[in-house]
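One is the number of the first residue; the rest follow in order along the sequence. Values below: every heavy atom of this structure, side chains too, minus hydrogens, waters and symmetry copies.
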Amino acid sequence: MDPYSVLLPQPELAFSQPGMCLLNGHTPVEVTGSPEIDRLLRRFVAGLPLPAADGPPSGPANTTQTARIFVTETDDVPGAYGVEVTESRVDIRAGGFEGAVNALTTLRQLMPAQAWRREWSADGGGWAVPCGTVVDRPEYGWRGAMLDVARHFFPKSTILRYVDLLAAHRFNRLHLHLADDQGWRVESRRHPRLHQVGSWRPSTRLGPDGVADGTPHGGYYTLDDLTEISAYARARGITLVPEIDVPGHTSALRAAYPELGRPGQEQAVLDTVWAGGSSISPTPPVVAFLQDVLEEILDAVDTPYVHLGGDECDMSWWADDAAIAAEMSEHGYTDVKQMHGHFLRSLGGFLATRGVRMVVWDEGLVTGGVLPDTVVMAWRGHEVAGRAAASHDVVRAPLFPTYFNFDQSDLPEEPRSEGGPITLDDVAAFSPAPAEWPDDMRDRVLGGQFQIWTEWVPTERRLDYLAFPRACALAEVLWRGRVTDLPDFERRLSVHLERLDALGVDYRPPAGPHPWQTGGAGVWRRSGPGQIEETKKWVESISREP
């Protein structure tokens with residue numbers, strides 16, 4: 001098998017040549033570029049097997065023992081790279097740090113699948129890499145994954161592992177959904193009740209018709225944790241995009257500070273159901289409170305983007321609130337939706353003073369909650385995305401086919417989730433910038449990402465099952481622009497699954513779940529076709545909303 005023919009995502013150009021090159025933990029390196037690339041390369045080499053202690057490695061036939069790695073940083077587009085492997089050296093040309101990360105990812109894919117294990121004693125004291133050439137560049141600059149840690153909390157160790165898995169597929173954004181109705185997941189030293197009170201709940205129900213389990217659930221990341229996660233991700237070519245969802249989805253925030261919500265309303269009770277209707281007051285004291293919180297996060301996280309949510313907000317009580325009415329009168333507003341937009345713009349303006357771009361779900365565009373440079377994350381379908389792309393940079397995140405918390409098939413043994421199915425083929429057929437859009441709209445599509453909302457995702461194994469291999473298909477869509485040959489993709493995926501095995505990923509086999517991955521007869525039993533049809537009708541209805 002030619003390793004150059006089974007790379008994933010598929011590169012722009014790849015071909016093998018005769019000969020082999022041996023790389024090991026003593027391989028000399030030389031970098032013409034930034035110190036960050038030098039550290040990246042040395043960390044890569046340090047992770048390779050060492051030669052035998054009793055002498056130089058014998059190595060495979062036709063393999064030199066004097067291979068070197070040379071990296072030259074170029075001014076090519078971020079993420080672009082070239083790799084040329086000969087018997088005596090590996091030459092890498094990297095479009096910035098991200099290009100160097102992508103080049104080394106490809107270089108590892110040219111090695112046996114065992115090279116993806118954390119420790120492995122390779123024959124000959126190193127990995128034999130076939131000679132050849134790869135020239136490659138990404139189609140989209142935003143290749144992301146959203147993980148909801150509010151509904152179910154995942155420890156820092158899981159997040160760091162997730163970063164590694166994303167980097168292995170050339171994703172470059174990790175969008176962490178840090179606050180919602182079911183939990184607040186980041187420390188605040190200025191407003192400590194956020195993590196002391198809002199980070200845990202006394203019970204959990206799986207699904208709106210579930211039974212409360214009476215088991216406390218919670219957790220949060222300290223600001224130091226966020227700094228570590230951000231640095232760890234950046235060292236692997238990934239930018240952390242934190243999300244604090246406001247002014248809706250705020251039960252956890254109101255549980256900690258009830259005065260930020262509706263006057264006289266009881267303190268919120270947290271629970272894993274599809275709440276989606278809570279809200280806080282869009283008034284200056286609340287804006288000031290959230291600016292405090294955002295400032296703490298920005299001091300901890302090196303990021304050019306912060307997501308402010310803006311979706312599914314209950315504004316039904318705003319018109320009757322005296323403080324909100326006074327604020328509306330001051331600005332000449334006649335509709336509470338204008339206050340929603342004003343609120344988001346106020347926070348976005350604060351982010352701009354820190355050199356950070358605001359990201360919002362597409363509802364923010366509807367209420368005017370955008371600034372000229374705001375990134376709109378379009379989740380409600382093709383038509384909504386088109387309206388967003390007419391005026392703003394857009395990240396495509398449509399419910400179908402990028403909500404990976406949905407079923408992967410209509411098989412009866414599929415474990416229960418929120419709807420679906422969204423199959424591997426559905427993901428492979430996705431087009432972030434449709435051909436029928438005019439060029440100016442297509443140019444505003446920054447890229448796309450998949451989402452995993454975690455109402456039905458309580459464990460790391462379940463996260464693996466839902467993400468992979470669908471993430472492999474989306475990785476190729478976002479890298480190449482589309483999957484050009486589905487049978488060829490499936491052929492390369494069959495080899496790539498060996499790499500996932502080596503990485504310890506509990507993925508769903510394309511043919512169907514393993515026996516231990518099925519829904520069984522209990523709470524995880526799939527609810528059947530009615531659930532699927534109901535979900536489709538809901539998607540159609542939200543796509544028609546203005």
> Under 4.5 Å between any side-chain heavy atoms of Asp299 and Arg354, yes or no?
Replying inline: yes
> When you check the gap from the basic side-chain N to the acidic O, do Glu228 and Lys156 get nearer than 4.0 Å?
Replying inline: yes
> Under 6.0 Å from the CZ atom of Arg461, do we count more than 12 heavy atoms belonging to anything else shown?
Replying inline: no
> Do Arg173 and Trp142 meet the cation-pi criteria used here (NZ or CZ under 6.0 Å from the six-membered ring centre, within 45° of the axis)?
Replying inline: yes
> Does a salt bridge link Glu259 with Arg254, judged by any charged N lying under 4.0 Å from a carboxylate O?
Replying inline: no
>> Please confirm whether the ring centroid of Phe468 lies under 6.0 Å from the ring centroid of His169.
In response: yes
> Does a side-chain N-to-carboxylate-O contact under 4.0 Å join Arg462 and Glu460?
Replying inline: no
> With under 30° as parallel and over 60° as perpendicular, where do the rings of Tyr333 and His331 fit, or are they tilted in between?
Replying inline: parallel
>> Could you walk me through whether Asp425 and Arg470 satisfy the salt bridge (Lys or Arg N to Asp or Glu O under 4.0 Å) test, starting with their C-alpha distance in whole Å, then the side-chain angles of each, then the deciding distance to 0.1 Å, before giving a yes or no?
In response: CA-CA 9 Å; Asp425 288 359; Arg470 290 185 291 189; over 6 Å; no
>> Do the side chains of Asp209 and Arg416 get close enough for a salt bridge, i.e. N-O under 4.0 angstrom?
In response: yes
>> Has Asn405 got a side-chain atom pairing as donor or acceptor with Trp453's backbone, closer than 3.5 angstrom?
In response: yes
> Is it true that Phe289 and Tyr257 have ring centroids separated by less than 6.0 Å?
Replying inline: yes
>> Applying the side-chain contact (heavy atoms from CB on, under 4.5 Å) criterion to Pro242, which one of Thr303, Val359, Leu294 satisfies it?
In response: Thr303
> Which heavy atom of Ala471 sits nearest a heavy atom of Phe450, and at what distance?
Replying inline: CB-CE2, 3.8 Å
>> For a 4.5 angstrom cut-off between non-hydrogen side-chain atoms, does Arg380 reach Trp361?
In response: no
> Does a salt bridge link Arg189 with Asp224, judged by any charged N lying under 4.0 Å from a carboxylate O?
Replying inline: yes
>> I'd like to know if Arg262 pairs up with Asp321 as an ion pair, taking the criterion as any Lys NZ or Arg NE/NH1/NH2 lying under 4.0 Å from an Asp or Glu carboxylate oxygen.
In response: no
> Does Glu476 reach the main-chain N or O of Gln10 with its side chain, forming a donor-acceptor pair under 3.5 Å?
Replying inline: yes
> Knowing that exactly one of Arg387, His392, Arg444, Met358 qualifies, which makes a side-chain contact (heavy atoms from CB on, under 4.5 Å) with Val376?
Replying inline: His392
>> Salt bridge check, Arg482 against Glu139: does any charged N sit closer than 4.0 Å to a carboxylate O?
In response: no
> If you look at every heavy atom in Leu351 and Leu298, which pair is closest and at what distance?
Replying inline: CD2-CD1, 3.8 Å
> Taking NZ, NE, NH1 and NH2 as the nitrogens, is one of them in Arg161 or Asp464 under 4.0 Å from a carboxylate oxygen of the other?
Replying inline: yes
> Is the shortest distance from a Lys or Arg side-chain nitrogen in Arg151 or Glu455 to a carboxylate oxygen in the other one below 4.0 Å?
Replying inline: yes
>> With a 4.0 Å cut-off on N to O distance, would you call Arg143 and Glu98 a salt bridge?
In response: yes
> Under 3.5 Å, is there a donor-acceptor pair linking the side chains of Asp164 and Tyr232?
Replying inline: yes
>> Taking the six-membered ring for Trp, are His177 and His249 closer than 6.0 Å centroid to centroid?
In response: no
